[in-house]
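Comments concern the structure below.
Since the structure is predicted, the reported quantities are computational estimates derived from the model, not experimental observations. Below, all heavy atoms of this structure are taken into account, side chains as well, without hydrogens, waters or symmetry copies. Below, chains carry the letters A, B, ... as their sequence lines are ordered, and counting in each starts from 1.
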2 protein chains.
Amino acid sequence: MLTQDIRNSLIETTDLSQLKWDLNHLQPVDVGEYIAQLPQQQRAIAFRLLNKAQAIDVFEYLPTEVQEELINSLHDVQVVQLVEAMSPDERAELFDELPAGVIKRLLQELSPEQRQATATILGYPEGTAGRVMTTEYVRLREGLTVGEALSKIRRQDEDKETIYYAYVTDDNRKLGRVVSLRQLLFTFPDVLIRDIASDRVIKVRTETPQEEVAQIMQRYDLIAIPVVDREERLVGIITIDDVMDILQEEATEDIQKLAGVGGDEAALSSPLLTIRNRLPWLLGIMALYIGAASAIAPFQSVIAAVPVLAVIMPIFSNTGGTVGIQALTVTIRGLGVGEVTPRDTLKILRKEIFAGLGTALALSLTMIMLSLIWAHPQERWVAVVAGIVMATNTIVAVTLGTLLPMGLKRLKLDPALVSGPLVTTMLDTIGFLTFLTLISVGLNVFHLPS
Amino acid sequence: MLTQDIRNSLIETTDLSQLKWDLNHLQPVDVGEYIAQLPQQQRAIAFRLLNKAQAIDVFEYLPTEVQEELINSLHDVQVVQLVEAMSPDERAELFDELPAGVIKRLLQELSPEQRQATATILGYPEGTAGRVMTTEYVRLREGLTVGEALSKIRRQDEDKETIYYAYVTDDNRKLGRVVSLRQLLFTFPDVLIRDIASDRVIKVRTETPQEEVAQIMQRYDLIAIPVVDREERLVGIITIDDVMDILQEEATEDIQKLAGVGGDEAALSSPLLTIRNRLPWLLGIMALYIGAASAIAPFQSVIAAVPVLAVIMPIFSNTGGTVGIQALTVTIRGLGVGEVTPRDTLKILRKEIFAGLGTALALSLTMIMLSLIWAHPQERWVAVVAGIVMATNTIVAVTLGTLLPMGLKRLKLDPALVSGPLVTTMLDTIGFLTFLTLISVGLNVFHLPS
C-alpha cells in the first residue's frame with residue numbers, strides 16, 4: 001500500500017528536479033520498485049538521476065532482469081562500481097542470471113577480494129547456506145581486549161552487512177566463540193574477548209539447506225548466524241533480512257504447490273507464466289482421472305439402474321478430498337516450520353486416525369441423512385452403503401494425507417510435491433470404486449431393490 | 001531436528017547433576033521445549049533446577065499453559081521475579097490467558113514501570129502493533145552528542161530488547177529521528193546526534209495490523225520499528241524476532257484456512273482440537289452440497305438415460321475445482337505478502353482471464369478426447385457439450401478465485417475466509433447444473449441420441 005502511494009506521487013510529478021530529489025531521498029527499495037515498473041526505455045534515464053550512493057543501494061533492490069538491462073545500457077566504469085559495491089551474496093544472485101561472457105568480463109574488473117568472495121559463494125549449490133551467505137562479517141582473534149575489538153570494528157568498512165555479532169576464530173580460522181556488539185559495549189575495554197565471548201555458538205554448515213537455516217535462526221532469535229565449512233572454519237554469515245525472505249519464499253512455495261501452482265508464480269505474473277505454472281498440474285489431474293474414470297466406466301449399468309448414485313458421488317468426492325487435503329496441509333506446514341520430522345510420522349498418524357474416527361462418524365451419519373432425502377424409499381440401503389463408504393474414505397484420506405508427504409520427506413524429496421489435487425484424485429478413485437462395487441454387490445448378489 | 005537430539009539426550013540422562021548442568025547451559029528455547037513436553041508433575045521439578053538467570057530466560061519460551069501451571073506451583077516471590085523480568089510484550093501475552101484474580105495479584109507486586117508498561121500494551125486490541133510492541137527501547141534527546149548517547153546506552157538496563165537503534169524524540173516524546181548503534185560507533189564522540197540521525201523514520205501506528213508491520217519491516221530490512229500513537233509520540237518498538245513469528249503465523253493461517261483448517265492447529269495438536277478445527281468446515285461443505293445435489297437430483301432421469309455422465313462429471317468437479325483453487329491461492333498469497341491490494345483486482349482478473357482462456361482451450365480439448373473414449377459412438381455430442389462446459393467452468397473458476405478473496409479484503413474481512421472447499425462446491429454446483437441442463441436440452445429439444 002505504501003508503495004502504491006509513493007509510486008502514484010512519483011508518476012504524477014512533472015517537475016524533473018522534484019523527481020530527482022524524490023529519487024535520491026526515498027527509501028532505496030521504493031525507488032527500486034518505481035524504476036522496475038517504468039517502461040523499459042525510461043529505466044536507465046531514471047537510474048541516471050540517482051547519486052552514486054543511492055544508485056548503489058537501489059541497484060541491489062532491482063529485479064535481476066532490470067539489473068541485467070542496466071548493465072547493458074550503463075557505462076562500463078559505472079557498472080563496475082555498482083557491481084563492486086554489491087554485497088557478495090546479492091552479486092552471486094545476479095551472476096546466476098547473466099550470460100557467461102558478461103560474468104567473465106565483470107569478474108576481471110572486480111577487486112581481488114570481491115572476486116574471491118563471489119567465486120566462493122557461486123561454488124555452493126543453490127538453496128544451501130553457502131549460496132545465501134555473505135562473506136562480509138567481523139572476525140576477531142581470541143587474544144584481543146574489548147577495547148581493541150571495538151577499535152577494530154570501527155576500522156572495518158562501514159558497509160559490512162552486520163556488525164552486531166563478531167566471531168572469534170583461532171589461527172586456522174576455526175570458529176570458536178561469538179560475542180555481540182551489545183556485550184562489547186557493556187564491558188570494560190581492558191577485559192579479554194575470550195572471557196566474555198560465548199562458546200555456545202549456534203552455527204550452520206555451508207551445505208545446510210536454506211530453510212533449515214531459517215528455522216534455526218527463528219528458533220534462537222538470531223539476527224545473524226555463522227556458516228562454517230567441513231573443517232569448522234568460518235566462511236561467511238547469513239543475516240536476518242535474507243532469512244525473512246527465505247521464510248516467505250518457502251511458505252509461498254508450500255502454499256502454492258499444495259494448490260497445484262509453482263512456487264515462482266505471483267498474483268501479477270504474466271498470463272504465459274501462469275499457464276505454464278498451472279496447466280501441467282491440470283493435465284496431470286485429467287490424466288490421473290483416466291484411472292478414476294476407468295474405474296467408474298464399467299459400472300455405467302449400475303448407475304443407470306440407481307441414478308441417485310450420481311447425486312451422492314460428488315459429495316464423496318468433495319468431502320473425502322477435503323479431509324485428505326486438511327491432513328496433508330497440516331503435515332506439510334508442520335514439516336515446513338520444523339515442528340515435526342519424519343520421526344513423528346506414527347505420532348501424527350495416531351492423532352489423525354483418532355480425529356478421523358470422530359470425523360468419520362459425524363460425516364457418515366450426515367451422509368446417511370442426506371442420502372435418505374434424495375433416495376427413493378426402496379433405495380434406503382444405498383444410503384447406508386454411502387454412510388459406510390464415507391467413513392472408510394475419511395480414514396483412508398487422513399492416512400494418505402499424512403503418509404504421502406512424510407514418505408517424500410523421508411526420501412529427501414519435497415513433501416509439497418504431493419499436491420492437493422493429486423490426493424483428491426487418488427481418493428476419488430478409491431472412494432468411487434469401493435462405493436460402486438458395494439452397490440453392485442447389493443444389486444446383483446443380494447438382489448436389493450433399485 | 002536439533003531439538004529432538006537434545007530432547008533425547010536429556011531424557012536419557014539419569015545423572016541428576018548432569019541434567020542440572022545441561023538445563024543451565026543449553027539454549028533457553030531448547031530447555032523450554034524440553035520442560036514443556038515433560039509429564040505435568042515433573043515440570044516444576046525440572047524448572048527448579050534452573051539458576052535464576054536461566055529460569056528467567058526459559059520462562060519466556062514456555063507455552064502459556066505451562067507458564068500458568070508454574071505460576072500456581074512456585075513460591076510467590078519466585079513468580080514475581082519471573083514475571084517482573086519478562087519483557088512487557090511477553091508478559092501481556094501471558095496475562096491474556098490468566099484468570100483475572102491472578103493478574104490483579106501479580107500486577108500489584110510488579111514495579112510501577114513494569115505495571116504501567118503491561119497495562120499500556122494490554123490496552124491495545126489483539127493483532128495490532130500496540131499489542132505486540134515492547135516498551136523497552138532506547139530514547140535519546142536531540143541535543144545529545146554521540147559520546148553522551150553511547151554512555152547513556154551503556155547505562156541502560158542491559159536487558160532492553162534492542163539497542164541497535166536509538167530513537168530521538170522532542171520534549172513531548174514526539175518521534176523525530178532515528179540513529180543506529182552502528183552510526184554511533186562510526187562517528188566521533190563530539191558530533192551532535194541531530195546531525196547524524198536520519199529524519200526518514202519508518203514507523204507504524206499502535207493500531208496498524210501486525211501483518212502490515214511485518215510486511216513493512218521485511219520490505220525495509222529493519223531489525224526494529226518504532227510504534228507511535230495518534231499524536232506521533234513514541235510508545236514502543238517491535239523487534240524482528242516477534243515479526244518473524246508473526247510472518248510464520250500469518251502464512252500458516254493462510255495455508256491452513258485455504259484447506260479448511262483453523263490457523264491454530266499444528267501437526268501435533270490433540271485429536272479433539274483437530275476435530276473441532278476441521279469438522280465445521282466439512283459439515284459446512286456437506287450442507288452446501290445440499291444445493292449442488294438438489295441441482296443434480298431432478299436430472300436423475302437424464303443420468304439414467306446417459307450413464308456416461310457419471311463418468312464425466314467427477315472430472316469437471318476436480319479439474320474445475322483445482323483451477324479455482326489455483327487462482328484463489330495465488331490471490332490470497334499475493335494479499336498475504338503485500339504484493340497486491342484490492343486496487344489491483346482488475347489487473348489480476350485480466351491476467352487470470354487471459355491465462356484462463358489458454359487453459360480452457362487445452363482442458364476442453366482434452367475433455368472432448370477423454371469423453372470420446374468413454375462415450376458410445378451415438379453419444380459423441382455429449383463429448384462436445386462436456387468440452388464446452390469445461391471451458392466455461394474454467395473461466396468461472398478463475399473469476400471466482402480472484403473476486404471472492406478480493407471482495408472480502410475490500411470489506412476489511414479476512415480473504416482466507418473463502419476456503420478452497422467453498423470454491424470447489426460453488427464450482428461443482430454451477431458446472432453440474434450447466435452440464436446437465438445442456439444435456440437435457442440436447443436430449444429433449446434436439447432429440448439427440450442417448
Given a strict heavy-atom distance threshold of 4.5 Å, which part of A:Ser317 is in contact with chain B: side chain, backbone, both, or neither?
side chain

With only heavy atoms counted, which part of B:Thr425 is less than 4.5 Å from chain A, the side chain, the backbone, both or neither?
both

Max heavy-atom pairs within cutoff under 4.5 Å with chain A, candidates B:Ala251, B:Pro314, B:Gly358, B:Ala310, goes to B:Pro314

Contact leader toward chain B among A:Leu181, A:Ile312, A:Thr331, where contacts are heavy-atom pairs under 4.5 Å:
A:Leu181

Just by distance, do the side chain of B:Gln27 and the backbone of A:Tyr220 share a donor-acceptor pair under 3.5 Å?
no

CD of A:Glu249 to CG of A:Asp242, rounded to nearest 0.5 Å, is 10.0 Å

With chain B as the partner, which of A:Leu357, A:Thr274, A:Asp254, A:Leu309 has the greatest number of non-hydrogen pairs under 4.5 Å?
A:Thr274

Which bit of B:Asn277 comes within less than 4.5 Å of chain A, counting heavy atoms only: side chain, backbone, both or neither?
neither

Side chain / backbone / both / neither for A:Phe299 at chain B, heavy atoms under 4.5 Å
neither

Quick one: what part of B:Val302 sits under 4.5 Å from any heavy atom of chain A, side chain, backbone, both or neither?
neither

Region of B:Ala287 in contact with chain A, defined by heavy-atom distances below 4.5 Å:
neither

Counting heavy-atom pairs under 4.5 Å with chain B, the top scorer among A:Leu335, A:Leu279, A:Ile285 is A:Leu279

Counting only heavy atoms closer than 4.5 Å, note whether A:Leu273 contacts chain B via side chain, backbone, both or neither.
neither

I need the minimum non-hydrogen distance between A:Ala304 and B:Pro307, along with the two atoms involved.
CB-CG, 4.1 Å

Structural part of A:Leu258 lying under 4.5 Å from a heavy atom of chain B
side chain

Which bit of A:Asp245 comes within less than 4.5 Å of chain B, counting heavy atoms only: side chain, backbone, both or neither?
both

Heavy-atom distance under 4.5 Å to chain B: side chain of A:Leu268, backbone, both or neither?
both

Contacting region of B:Arg333 [heavy-atom separation from chain A under 4.5 Å]:
side chain

Quick one: which of B:Thr424, B:Thr402, B:Val243 has the most heavy-atom pairs under 4.5 Å with chain A, could you say?
B:Thr424

Counting heavy-atom pairs under 4.5 Å with chain A, which one of B:Asn318, B:Val261, B:Thr329 comes out on top?
B:Asn318

At a 4.5 Å cut-off on heavy atoms, which part of A:Leu370 comes close to chain B: side chain, backbone, both, or neither?
side chain

Nearest 0.5 Å, please: how far is CZ in B:Phe186 from CD1 in A:Ile153?
8.0 Å

Please lay out, stage by stage, how A:Leu427 and A:Val323 fare under the test side-chain contact (heavy atoms from CB on, under 4.5 Å).
CA-CA 10 Å; A:Leu427 288 170; A:Val323 174; over 6 Å; no

For the candidates A:Met313, A:Glu352, A:Arg350, A:Met217, which exhibits the highest count of non-hydrogen atom pairs separated by less than 4.5 Å from chain B?
A:Glu352

Within 6.0 Å of CD1 in B:Ile373, more than 12 heavy atoms from elsewhere:
yes

Measure from the side-chain N and O atoms of A:Gln256 to the backbone N and O of B:Val330, and report whether any donor-acceptor pair falls under 3.5 Å.
no

Could you measure the distance from the CD1 atom of B:Ile202 to the CG atom of A:Asp30? Nearest 0.5 Å is fine.
7.5 Å

Hey, is the main chain of A:Gly336 close enough, under 3.5 Å, to the side chain of A:Gln215 for a donor-acceptor pair?
yes

Nearest-0.5 Å distance that lies between atom OG in B:Ser269 and atom CD1 in B:Ile275
12.0 Å

Heaviest contributor of heavy-atom pairs below 4.5 Å to chain A, chosen from B:Thr359, B:Thr252, B:Ile240, is B:Thr252

If you count heavy-atom pairs under 4.5 Å between each of A:Arg278, A:Gln218, A:Glu339 and chain B, which one has the most?
A:Arg278

Contact class of B:Thr366 relative to chain A, heavy atoms under 4.5 angstrom:
both

Identify the two heavy atoms, one from A:Ser419 and one from A:Gly260, that lie closest to each other, and give their separation to 0.1 Å.
CB-N, 4.3 Å

Looking only at heavy atoms and a cut-off of under 4.5 Å, which of B:Ile303, B:Asp428, B:Val308 has the most pairs with chain A?
B:Val308

Ignoring hydrogens, what is the shortest heavy-atom contact between B:Gly334 and A:Ala267? Give both atom names and the distance.
CA-CB, 4.2 Å

At a heavy-atom separation under 4.5 Å, does B:Met390 approach chain A through its side chain, its backbone, both, or neither?
side chain

Residue selection (most heavy-atom pairs with chain B, distance under 4.5 Å) from A:Ile332, A:Ile296, A:Leu363, A:Leu282:
A:Leu282

Taking side chain as everything from C-beta outward and backbone as N, CA, C, O, which of these in B:Leu185 sits under 4.5 Å from a heavy atom of chain A? Side chain, backbone, both or neither.
both

With distance as the sole test, does A:Glu250 use its side chain to make a donor-acceptor pair with the main-chain N or O of A:Leu247 at under 3.5 Å?
no

Looking at OH of B:Tyr61 and CZ of A:Arg219, how far apart are the two atoms once the value is rounded to the nearest 0.5 Å?
9.5 Å

Any side-chain heavy atom of B:Arg154 sitting closer than 4.5 Å to one from B:Leu150?
yes

With a 4.5 angstrom heavy-atom cut-off, which part of B:Phe432 approaches chain A: side chain, backbone, both or neither?
side chain

For A:Tyr164 and B:Ile223 the tightest heavy-atom approach is CE1-CD1, 3.7 Å

Using non-hydrogen atoms only, which part of B:Ile325 is less than 4.5 Å away from chain A: side chain, backbone, both, or neither?
both

